Amino acid sequence: MAKQLKGGFVDLGIAEPGRSRHEWRNQGAFAAIKNDGSIVVWGRSQDGGSFVPVIRNLKAPAVDVFSNRHSFAALLDNGSVVTWGEDPKGGNSSAVRSRLQDGVIRVFSTRRAFAALKDDGSVVTWGKPDEGGDSTLVASQLRGGVKTIFTTSTSMAALKRGGRVVTWGLSTIDPRSEKLGGPIDTGEPRGGDSSKVADLIRSGVTEIYSTRYAFAALKRRGRLVTWGDSLRGGDSSDVASKLARGVQSVTSTGYAFAALKKSGSVVTWGWENRGGDSSSVADQLSGKVESVFSARYAFAALRRDGSVVTWGDARQGGDSSRVRDRLRSGVATVFSNRYAFAALKENGSVVTWGNPSSGGNSSAVKQDLRSGVESLYSTRNAFAALKEDGSVVSWGQSEYGGDSRRVRRLLQDDVVDIYTTGYAFAALKADGSVVTWGSNERGGDSRDVARSLRANVATISNPYRLEFSQERSLGRSRVDQLTGRSGGSDTFTLESPRKSTIDGFDVITNFEPRDRIAIGDQTFAATIDRYAGRAKRLNASQVDRALAGPGFLPGQVAAIRVDGFDGAFVVINNNRSGFQPSQDTMFLLSGYRVDAMNPVVIV
């Protein structure tokens with residue numbers, strides 16, 4: 001069956017496996033929101049998988065649940081936040097409880113700390129003090145004007161109005177580094193200290209990207225500024241001239257950056273054998289690259305001809321020579337877990353490479369991956385493919401969810417979405433029930449809450465999305481999350497949604513950016529020229545024709561104005577040139593809701 005979501009969401013994308021640019025995935029527990037706004041949790045108790053009074057007795061329906069590696073923070077419909085999980089790592093917010101009682105619009109996280117953004121532009125932090133939980137040193141700069149927050153493992157960067165950046169968190173070495181891999185500390189700032197580039201990030205910043213211990217700020221005209229641990233991308237001096245202008249977007253492994261320029265070329269820096277050195281494929285990255293994807297130690301670039309180029313740690317996804325012939329054309333997009341990649345082709349087939357035991361070898365399920373795959377999801381060391389018929393196929397390490405035979409019967413149809421911890425999968429079905437598998441301790445075993453997961457589940461915690469699972473949540477508390485230029489006809493405002501059928505659209509294409517539009521924490525070039533054609537009722541094929549062709553590029557925006565109304569729809573090109581209903585994101589402005597997974601269908 002076709003995929004249908006109960007609510008809408010902003011797709012934040014994956015910074016590297018296990019996190020977005022703003023939030024970290026919980027390693028061992030799930031938190032689900034039901035249609036009535038109640039919360040159900042399961043998984044490892046110390047990571048928030050146990051029921052606690054704060055979620056048994058919610059004072060208002062939950063709107064979204066945010067996570068770090070060991071705790072959760074639920075945003076309620078009244079603008080308050082409740083937390084649970086490991087106390088010193090964000091689960092206990094009692095020290096700032098009075099400041100979390102109202103006005104919160106979103107929550108961000110490092111591995112062990114949280115930051116809440118309030119509707120007055122102020123920020124509240126808690127959790128592990130030296131990993132972002134203590135913002136005392138910059139408190140005066142966080143009292144207002146903050147638009148969004150970006151994070152590394154241990155530091156936070158607040159983007160303020162006017163493009164100013166404020167940072168805090170771990171400034172030097174990580175005391176766990178010796179235990180995690182030997183003498184890898186450089187003794188350099190880890191992103192929390194941006195004093196060396198303070199003058200460069202005082203204004204004009206539009207986006208921020210991160211590796212585990214470094215930030216990269218994108219400024220107007222495509223200039224990039226970096227700071228943090230030099231071994232992990234904080235020092236870009238060797239490629240500074242190439243980053244002075246024309247950068248379109250940035251992708252990161254845990255240890256290196258790859259900047260995609262408007263020319264279609266790619267520039268890399270950071271830990272050399274973990275993606276920072278792309279010299280072996282330089283000729284294939286000199287132009288015509290459409291998008292870049294990452295695993296923990298390797299990159300994969302999708303070219304405009306549908307081919308894929310890889311580099312980085314050869315054993316962990318950097319070497320795709322084994323499947324080179326299958327990656328020469330026809331690739332639509334690429335997914336990854338920590339140590340392997342999976343390419344989804346335009347014909348619905350899947351090609352995998354990287355660490356064999358982590359999903360790089362999919363031979364055991366090759367028949368199931370030859371066609372009909374719609375999307376892929378991953379834990380640390382396993383993949384799950386959601387197919388067009390609503391069935392699910394998984395592979396990789398069994399203890400990470402690669403073996404789903406125990407629940408095979410329940411995954412044969414009607415699955416509409418899949419969520420993950422680091423070690424387990426949770427499939428949401430069309431009837432609102434949930435099926436889990438993977439590590440029993442870390443979310444794969446949901447028998448203790450089986451009754452609560454039989455029906456009426458709306459969504460499950462997901463660091464890659466900003467959920468609008470409750471219809472009323474799109475109103476006052478998030479009105480500032482979707483805005484364009486202040487004043488004038490190009491200002492967009494998000495209002496409460498309602499179902500409606502609308503006739504008579506103008507489609508705006510002809511991509512001449514005169515302004516930028518900020519959607520949640522993402523900023524895109526706004527497009528303002530109207531398409532000459534008109535549609536009596538806009539459907540998938542009509543939008544496809546209007547937005548098709550090489551002119552509608554990844555990262556660009558097309559606005560659809562509704563005759564007789566003040567609002568508009570905004571389509572974001574997430575992947576390939578032209579419009580792909582299953583991949584591009586449509587945001588709804590000024591009072592109308594669309595099916596988020598087939599965004600041109602009005603419900």
Side-chain angles (χ1 to χ4, degrees), residues 18-20 22-33 37-60 62-76 78-101 104 106-118 123-136 149 151-156 168-170 174-176 419-424 426 439 441-443 446 448-449 452 459-463 467:
R19 70 179 181 100
S20 67
H22 320 273
E23 184 184 349
W24 285 73
R25 176 177 63 188
N26 194 294
Q27 285 299 289
F30 286 106
I33 302 177
S38 62
I39 294 174
V40 181
V41 298
W42 70 97
R44 199 162 69 161
S45 58
Q46 59 264 48
D47 291 335
S50 296
F51 275 99
V52 293
V54 70
I55 56 175
R56 286 187 184 277
N57 303 294
L58 295 176
K59 295 180 179 179
V63 168
D64 203 348
V65 178
F66 302 88
S67 63
N68 65 22
R69 287 167 65 105
H70 306 286
S71 303
F72 291 105
L75 175 60
L76 306 187
N78 61 6
S80 67
V81 169
V82 296
T83 63
W84 69 99
E86 194 163 349
D87 277 6
K89 299 175 181 178
N92 186 344
S93 57
S94 58
V96 292
R97 181 176 295 133
S98 62
R99 300 177 63 194
L100 298 177
Q101 293 305 300
V104 177
R106 187 161 170 205
V107 179
F108 308 83
S109 67
T110 60
R111 290 185 305 197
R112 303 175 187 88
F114 287 109
L117 176 62
K118 303 192 72 172
V123 174
V124 183
T125 61
W126 69 98
K128 200 168 189 301
D130 61 350
E131 296 191 8
D134 181 1
S135 54
T136 305
I149 296 172
T151 67
T152 65
S153 294
T154 56
S155 303
M156 297 189 181
W168 68 98
L170 193 64
D174 184 343
R176 297 174 68 245
Y419 304 82
T420 65
T421 65
Y423 296 79
S439 169
E441 182 188 15
R442 302 191 186 198
S446 55
D448 288 346
V449 291
S452 298
T459 189
I460 301 174
S461 56
N462 188 333
E467 294 282 354

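No hydrogens, no waters, no symmetry mates; every other heavy atom, side chains included, goes into these values. What you see is a predicted model; the values in this text were computed from it and never measured. Quick note: residue numbers are just sequence positions, from 1.
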| said: I'd like to know if the side chain of R112 reaches the main chain of P129, judged simply by a donor and an acceptor atom lying under 3.5 Å from each other, with no hydrogens or angles considered. | reply: no
| When rounded to the nearest 0.5 angstrom, what is the spacing between CZ in F66 and OG1 in T83? | 13.5 Å
| task | May I ask you to test the S67-E23 pair for a side-chain heavy-atom distance under 4.5 Å? | result | yes
| Taking all atoms of both residues into account, what is the closest heavy-atom pair of N68 and A113, and its distance? | ND2-N, 3.3 Å
| field | Side-chain heavy-atom pair S153, W24 within 4.5 angstrom cut-off | value | yes
| query | When rounded to the nearest 0.5 angstrom, what distance separates CD in E86 from CZ in R44? | reply | 8.0 Å
| task | Heavy atoms only: give me the nearest A115-I149 pair and the separation to one decimal. | result | CB-CD1, 3.9 Å
| query | Do you know which two heavy atoms are closest between A31 and W84, and how far apart they sit? | reply | CB-CZ2, 4.1 Å
| request: Verify, without hydrogens or angle tests, whether K59 (side chain) and L76 (backbone) share a donor-acceptor contact under 3.5 angstrom. | output: no
| query | Distance from D87 atom CG to S71 atom OG, nearest 0.5 Å? | reply | 8.0 Å
| task | May I ask you to test the S93-L100 pair for a side-chain heavy-atom distance under 4.5 Å? | result | yes
| task | Dump the intermediate steps for side chain to side chain contact (heavy atoms under 4.5 Å, CB included) on Y419 and T459, then the final yes or no. | result | CA-CA 9 Å; Y419 304 82; T459 189; 3.4 Å; yes
| task | Would you check if H70 and Q46 make a side-chain contact, meaning some heavy-atom pair closer than 4.5 Å? | result | no
| message | Quick check: do T154 and T110 have side-chain heavy atoms less than 4.5 Å from each other? | response | no
| query | Where is the tightest heavy-atom contact between V107 and A73, given as atom of each residue plus distance? | reply | CG1-CB, 4.1 Å
| task | Evaluate the side-chain proximity of V449 to F51: yes if any heavy-atom separation is below 4.5 Å, no if none is. | result | yes
| said: Please report the interatomic distance OG1(T421) to CZ(R25), rounded to the nearest 0.5 Å. | reply: 6.5 Å
| request: Compare every heavy atom of A32 with every heavy atom of I460, then report the nearest pair and how far apart it is. | output: CG1-CB, 3.9 Å
| query | Rounded to the nearest 0.5 Å, how far apart are CG of N26 and CZ of R442? | reply | 10.0 Å
| Of the non-hydrogen atoms in G133 and T125, which two are nearest, and what is the gap between them? | O-OG1, 3.0 Å
| message | Just verifying a value: how many Å separate D47 CG and R69 CZ, rounded to the nearest 0.5 Å? | response | 9.5 Å
